[in-house]
**Q** 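Here's a structure for you.
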Amino acid sequence: MAIQLNHLQASTLKHEKKPKPPFIFTSSKTRTSIRVIAATSGKAQQLIQSGQVKPIPPKEAAAAMDSDGFKLLDIRPEWERQKAYVKGSIHVPLFVEDKDNSPITLLKKWVHFGYIGLWTGQNFTMINPNFIKEVETAVPDKDAKLLVACGEGLRSIMAASKLYDGGYKNLGWLAGGFNKAATGDFPEVEGPEKLQYATIGGASYYFFQLLLLLQAVGKE
């Protein structure tokens, strides 16, 4: 199963490469979250294969919203959405910053920063315990068509599974996430960055900007 390099999924990948740290630093909350991710991603794939959740590529998303009546549900964390977002989209984050400052959590945050945070700029997160309730507040009609989206498509597939269990049956999934969007796929995008680059942060952001600069110089 593919695992993204941010949030709790990233720590899972690091744990597979270096088995010792997880046994020292993981807590029951972290292990529970990882088990939930593994279980729901398998179920979400079944929902897509059965047609109960419709995969929609970014190039077809605008038509799905304009013609088919889908509402775009952006489930990215706030710090990604601030960089770029589709105007008029609904925002309910699936992952939120873990603000627990107990000694063990502070230690985990320090490990996370060394492994992931410094490079990606991602905060230490936890699954939003109020995700379904917040979606129900924003979209009380469970017959509404929701196009669930994130940066890479992994968190959104997990969110789609949760929403299906929560009673939302008319679901679409933005296949590949915003990262696969081309300029113009979504006509109205707001924020200082391009939509497809909003997941890039930390030291990798400056490295990426350097690559763009070198490409521009090379074209000249």
Side-chain angles (χ1 to χ4, degrees), residues 2-13 37 41 44 55-66 70-99 112-113 115-128 131 134-135 138 146-160 162-163 171-216:
I3 301 178
Q4 63 181 8
L5 287 177
N6 58 28
H7 304 295
L8 294 173
Q9 292 94 325
S11 61
T12 305
L13 180 60
I37 290 168
S41 61
I56 299 174
K59 65 181 180 180
E60 298 176 9
M65 291 186 288
D66 293 339
F70 276 94
K71 298 179 180 179
L72 184 63
L73 176 61
D74 185 345
I75 60 93
R76 296 175 300 164
E78 181 63 33
W79 53 90
E80 286 185 27
R81 183 175 169 86
Q82 288 176 348
K83 296 177 184 178
Y85 65 92
V86 178
K87 185 177 180 180
S89 60
I90 302 164
H91 181 233
V92 179
L94 178 63
F95 285 88
V96 294
E97 184 178 0
D98 189 340
K99 296 184 178 180
H112 167 85
F113 180 76
Y115 270 92
I116 303 164
L118 179 63
W119 176 251
T120 67
Q122 297 287 353
N123 292 323
F124 186 77
T125 60
M126 57 182 284
I127 294 176
N128 181 359
F131 176 70
E134 291 177 12
V135 173
L146 294 179
L147 176 55
V148 190
C150 69
E152 314 83 354
L154 297 179
R155 292 167 293 179
S156 54
I157 201 173
M158 180 182 175
K162 286 180 170 290
L163 289 166
L171 296 171
W173 167 60
L174 189 67
F178 291 127
N179 288 5
K180 297 297 184 181
T183 302
D185 282 348
F186 296 91
E188 295 187 81
V189 176
E190 298 188 353
E193 300 289 343
K194 288 187 176 182
L195 190 60
Q196 57 266 44
Y197 301 151
T199 57
I200 302 173
S204 63
Y205 173 81
Y206 298 100
F207 182 72
F208 178 71
Q209 293 297 320
L210 178 60
L211 287 178
L212 292 180
L213 178 61
L214 292 175
Q215 287 178 355

**Q** Could you pull out all residues at least two apart from Ala159 that satisfy side chain to side chain contact (heavy atoms under 4.5 Å, CB included)?
**A** Ile75, Leu94, Phe131, Val148
**Q** About how many Å separate OG of Ser156 and CG of Leu163, when rounded to the nearest 0.5 Å?
**A** 10.5 Å
**Q** What distance do Lys83 atom NZ and Lys194 atom NZ have between them, rounded to the nearest 0.5 Å?
**A** 15.5 Å
**Q** Does Ile127 reach the side chain of Lys162, with side-chain heavy atoms less than 4.5 Å apart?
**A** yes
**Q** Shortest non-hydrogen contact from Arg81 to Ser89?
**A** NH1-OG, 2.9 Å
**Q** Output the distance between atom CD (Glu193) and atom CD (Glu80), rounded to the nearest 0.5 Å.
**A** 12.0 Å
**Q** Taking Gly153's backbone N and O only, do any of them form a donor-acceptor pair with Trp173's side chain (distance below 3.5 Å, no angle check)?
**A** yes
**Q** Work out which heavy atom in Thr183 is nearest to a heavy atom in Gln196; give both atom names and the distance.
**A** OG1-NE2, 3.6 Å
**Q** Rounded to the nearest 0.5 Å, how far does CD1 of Ile157 lie from CG of Leu174?
**A** 11.5 Å
**Q** Give me the atom names and distance for the closest heavy-atom approach of Ile56 to Ala64.
**A** CD1-CB, 3.9 Å
**Q** I want to check something: taking the side chain as every heavy atom from C-beta on, are Phe178 and Arg76 in contact at a cut-off of under 4.5 Å?
**A** yes
**Q** So, taking the atom named CG in Leu146 and the one named CZ in Phe70, what distance separates them when rounded to the nearest 0.5 Å?
**A** 8.5 Å
**Q** Please tabulate, for side-chain N and O atoms in residues 184-192, each donor-acceptor pair with protein atoms closer than 3.5 Å (sequence neighbours left out).
**A**
from   : atom 1 : to     : atom 2 : distance (Å)
Asp185 : OD2    : Ala182 : N      : 2.8
Glu190 : OE1    : Tyr85  : OH     : 2.7

**Q** Show the nearest heavy-atom pair for residues Ala175 and Pro58, with the distance to one decimal.
**A** O-CD, 3.3 Å
**Q** Can you name the nearest heavy-atom pair linking Ala160 to Leu171, along with the distance?
**A** O-CD1, 3.4 Å
**Q** With rounding to the nearest 0.5 Å, note down the distance linking NE2 in His91 to CD in Glu78.
**A** 5.0 Å
